[in-house]
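One structure is given here, and the rest of the page talks about it.
Chain A is the first sequence line, chain B the second, and so forth, proteins listed ahead of strands; every chain is numbered from 1.
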Amino acid sequence: MKYNFAQIEKKWQKIWEEQKTFAAVDISDKPKYYSLVEFPYPSGAGMHVGHIKAYAGLEVVSRKRRLQGYNVLFPIGFDAFGLPAENYAIKTGKHPRKVTNDNIHNFTSQLKRVGFSFDWSRTIDTTHEDYYKWTQWIFLKMFEHNLVFRDKTLINYCPSCKVVLSNEDSQGGKCDICHSDIVQKSKDVWYLRITQYADKLLEGLKEVDYSPNIKVQQENWIGKSTGAFVNFSISGTDEQLKIYTTRPDTLFGVTFMVIAPEHPIIEKYKDKITNFDALEAYKTECGKKTAFERTQLVKDKTGVKIEGLTAVNPINGKEIPIYISDYVMMNYGTGAIMAVPAHDQRDYEFAKKFGIAIVQVIKGGDIEKEAYTGDGEMINSGFLNGCTNKKESIEKAIAYLQEKGIGEAGVQYKMNDWAFNRQRYWGEPIPIVHCPKCGMVPVPYDQLPLKLPEVENFEPGQDGESPLAKIDSFVNCSCPKCGGAAKRETDTMPQWAGSSWYFLRYVDPHNDKAFADQEKLKYWMPVDWYNGGMEHVTRHMIYARFWYRFLYDIGEVPYPEPFLKRTAQGLILGADGEKMSKSKGNVVDPNEVVDQYGADVLRTYVLFMGDYEKAAPWSDEAVKGCKRFIDRVFKLNDMVTPQEGYSPALESAMHKTIKKVSSDIETLKYNTAIATLMTLLNDFYAKGGVTRGELKTFITLLNPFAPHVTEEMWEINGFAGMLNQTQWPEYCEEKCKDETVQIAVQINGKVRAKLDIALDEPQDTVLKRAKEDARIIELLQGNQIVKEIYVKGKLVNIVVRPQ
RNA sequence: GCGGGCGUGGCGGAAUUGGCAGACGCGCCAGACUUAGGAUCUGGUGUCUUCGACGUGCAGGUUCAAGUCCUGUCGCCCGCACCA
């Protein structure tokens with residue numbers, strides 16, 4: 001019987017949809033399982049096979065869990081705010097709402113054709129007002145708890161997209177969206193105080209099961225360092241210049257100070273500074289450099305000495321010069337450093353260039369050549385002299401600073417507060433009103449959602465203003481507090497906002513009283529397993545953990561961490577080994593594969609093609625291997641024998657396969673799970689038949705990978721009910737063991753013979769029989785046996801040396 | 001520069017964590033069936049000088065035994081990047 005995949009896949013997809021087979025039940029007696037995949041941005045290009053791989057992993061887990069008796073929540077939705085839809089609108093005049101709806105429609109049909117077991121009744125769209133109402137609600141809660149603030153700063157500005165970008169969105173000095181060069185600009189920016197959660201986010205990592213590399217990346221992103229703040233007084237003023245250092249014990253080695261070009265004391269002591277113009281000129285020059293250039297010019301230190309201001313080293317009273325240089329950043333620490341050229345390479349290079357003294361305070365290295373950053377005995381350091389333990393000398397130094405009132409222990413993070421606004425149309429409006437009398441006033445909760453107004457022109461306004469600024473009816477409003485005339489904030493939230501809490505909405509997607517019902521949250525949360533791209537491990541996940549932790553702190557969600565387990569799939573590369581992209585023309589459309597080979601083949605192939613966590617190139621040839629596999633599986637229908645159990649010849653193989661497939665699915669080893677099933681299928685063919693019992697187990701194990709063909713076979717063979725409602729097969733550990741095994745007989749580690757033994761055969765008889773082998777006897781002649789080793793069920797090794 | 005990972009046939013990749021390297025699949029070779037084969041089936045397929053030897057980037061080491069552990073080295077990928 002030929003397998004008509006197109007017809008059969010359609011048949012089962014229709015049945016699953018009509019019977020709502022995969023709908024999650026809110027609160028049931030079954031144990032719950034929440035598997036989450038990153039929801040897609042519905043781009044105009046449609047999905048590519050990489051999306052399919054990303055979802056197929058937990059699709060298999062979800063289907064397996066259902067068969068194991070779990071009540072599974074496996075949802076999908078669309079993260080649909082963002083620039084591409086808006087840029088497309090500018091180009092074509094089509095409203096982003098329309099474009100987004102079309103794309104979501106397209107994505108949905110693609111996903112359905114692959115037969116994913118998503119609960120389609122819980123689909124969410126971040127651009128729907130019933131959804132973004134709650135995004136705004138959470139924002140206002142944060143505002144209420146003082147986690148939102150506004151500040152004028154130099155920001156990363158993309159002149160092409162005309163938006164302010166966070167550091168995360170402008171890495172490498174390029175706009176994350178259009179890849180043009182970022183410029184620095186002064187602007188009012190909304191911030192979320194994520195740094196206040198830095199420690200909690202670090203602590204939380206101890207509680208969760210993320211792959212080690214994911215944890216490490218998050219830790220590096222947060223970038224906690226411990227050290228001390230030290231105050232240096234400025235001669236002739238009562239100003240204290242505060243610095244941050246991780247090595248307060250090297251204070252005796254400080255020979256100058258460096259401050260960031262934007263540091264406020266320059267402006268403050270303008271009158272005392274005699275070369276103010278030179279400083280201004282340097283600052284202007286730095287402003288022209290992009291953040292990227294600033295960090296790239298590592299080798300060449302530049303700077304200007306501040307004439308007229310000197311600092312006093314508080315530990316020895318020495319007067320030292322102050323420089324400005326762009327190797328000191330205003331956004332880390334205090335924007336000022338104490339320079340210890342002997343023990344910091346950057347300070348060393350700067351000192352060499354400007355002819356500043358270098359005082360060694362840690363023994364070791366050769367400071368004629370470079371800074372010494374290793375450990376060693378403290379020298380030239382007063383009360384610290386002789387100390388050889390870094391930790392101890394730092395502690396001593398901090399104790400001294402605190403005692404004298406010139407400094408204190410301190411902590412710094414690399415992570416900055418989150419720039420939380422964009423001057424664009426297609427995002428959640430920030431629900432704040434600017435009142436001339438009351439200042440920033442939040443839109444009252446009962447007036448949410450603050451709807452995005454209809455506009456005709458999506459072009460950003462002058463100077464990168466949001467398009468919303470041009471809508472008078474939106475901008476002009478009355479102050480919710482005093483009732484006076486006021487103006488609305490016209491910026492919108494960044495792309496990351498909607499995805500920072502979407503997993504909570506799936507729990508209760510239609511609730512209009514709360515973002516989700518407390519009972520349902522208690523039942524479903526936390527997410528048991530979250531899979532997505534490695535590129536979202538830092539930004540998206542840190543943001544989502546931050547929002548969730550905040551909601552936990554104000555009692556809105558039940559557990560401190562949202563995701564118990566996190567994994568990341570590897571990319572599917574084009575057939576040319578390059579990253580898939582439209583411009584390279586190497587994108588594979590899942591629809592084409594489904595048309596040609598069927599959904600089961602596509603699903604099987606994306607999981608079989610390699611290590612799930614690593615990148616692997618697509619191969620049109622290799623897909624055919626999976627096509628053959630599925631066809632051969634279907635042909636089993638013609639060779640079924642009526643026996644319900646397993647045949648003796650395959651009993652052990654059946655149990656081993658159940659064991660292997662069951663455990664491989666749990667550890668992302670989908671490729672070897674499928675390989676094992678292929679081997680078993682080959683065994684059926686070699687035997688020339690398959691018993692009903694074997695078939696039942698085999699198609700159940702294969703069902704999570706290839707649900708259509710297996711469901712059809714279940715029906716054809718008259719098994720009771722539907723396959724997706726049966727039970728995951730069990731295996732017996734005892735039966736996984738073969739009674740007799742073939743072992744290798746080695747001489748000096750080289751295999752010379754094979755021996756069939758009973759697994760429980762005692763060591764001495766195994767060794768005896770090994771030595772009776774004709775070939776072994778021959779090779780032992782003229783040699784003396786030094787040692788005999790038997791590894792149970794594996795091998796015998798006879799160690800010899802010539803007589 | 002720092003952090004993480006990887007290097008195995010012609011290709012994608014396996015290897016119970018120190019125990020028979022190359023599972024499974026692709027490709028290739030041969031045969032069968034066919035008017036036909038880019039369908040299907042059967043068998044073969046690491047390399048070489050083939051009763052043997054050599055083989056997991058390279059060079060050493062530990063061990064009865066190393067893809068796996070240790071030291072050094074080369075190459076690739078991914079994050080972060082003047083973080084004081």
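Stem analysis of RNA chain B (at least three stacked-register Watson-Crick or G-U pairs, each with both distances under 3.5 Å) gives B:1-7 with B:74-80, B:10-12 with B:24-26, B:27-32 with B:40-45, B:46-48 with B:52-54, B:57-61 with B:69-73.
A gap of 29 Å separates the C1' atoms of B:G3 and B:G18, to the nearest Å. Taking atom C1' on both B:U71 and B:G27, the two are 40 Å apart, rounded to the nearest angstrom. Remark: the separation of the C1' atoms in B:G37 and B:C20 is 40 Å, to the nearest Å. Comparing B:A15 with B:C82, their P atoms are spaced 40 Å from each other, to the whole Å.
The side chain of A:Asn671 places an N or O atom within less than 4.0 Å of a non-bridging phosphate oxygen (OP1 or OP2) of B:A14. The phosphate of B:C51 has neither OP1 nor OP2 within less than 4.0 Å of any side-chain N or O from A:Arg775. Within the 4.0 Å cut-off from OP1 or OP2 of B:A84, at least one side-chain nitrogen or oxygen of A:Tyr332 is found. Close to B:G27, at under 4.0 Å from its OP1 or OP2, lies a side-chain N or O of A:Arg628.
Contacts of residues 600-619 of chain A with RNA chain B (heavy atom under 4.0 Å): A:Phe608, A:Met609, A:Asp611, A:Ala615, A:Ala616.
If you take OG1 on A:Thr245 and CG on A:Leu251, they are separated by 8.0 Å, rounding to the nearest 0.5 Å.
Checked by distance alone, A:Lys414 brings no side-chain donor or acceptor within 3.5 Å of a matching partner on the base of B:C80.
Note that A:Lys301 lies in the cation-pi zone of A:Tyr327, set by a 6.0 Å cut-off to the ring centre and a 45° limit from the axis.
For the pair A:Lys224 and A:Asp199, the salt-bridge criterion is met [side-chain N within less than 4.0 Å of a carboxylate O].
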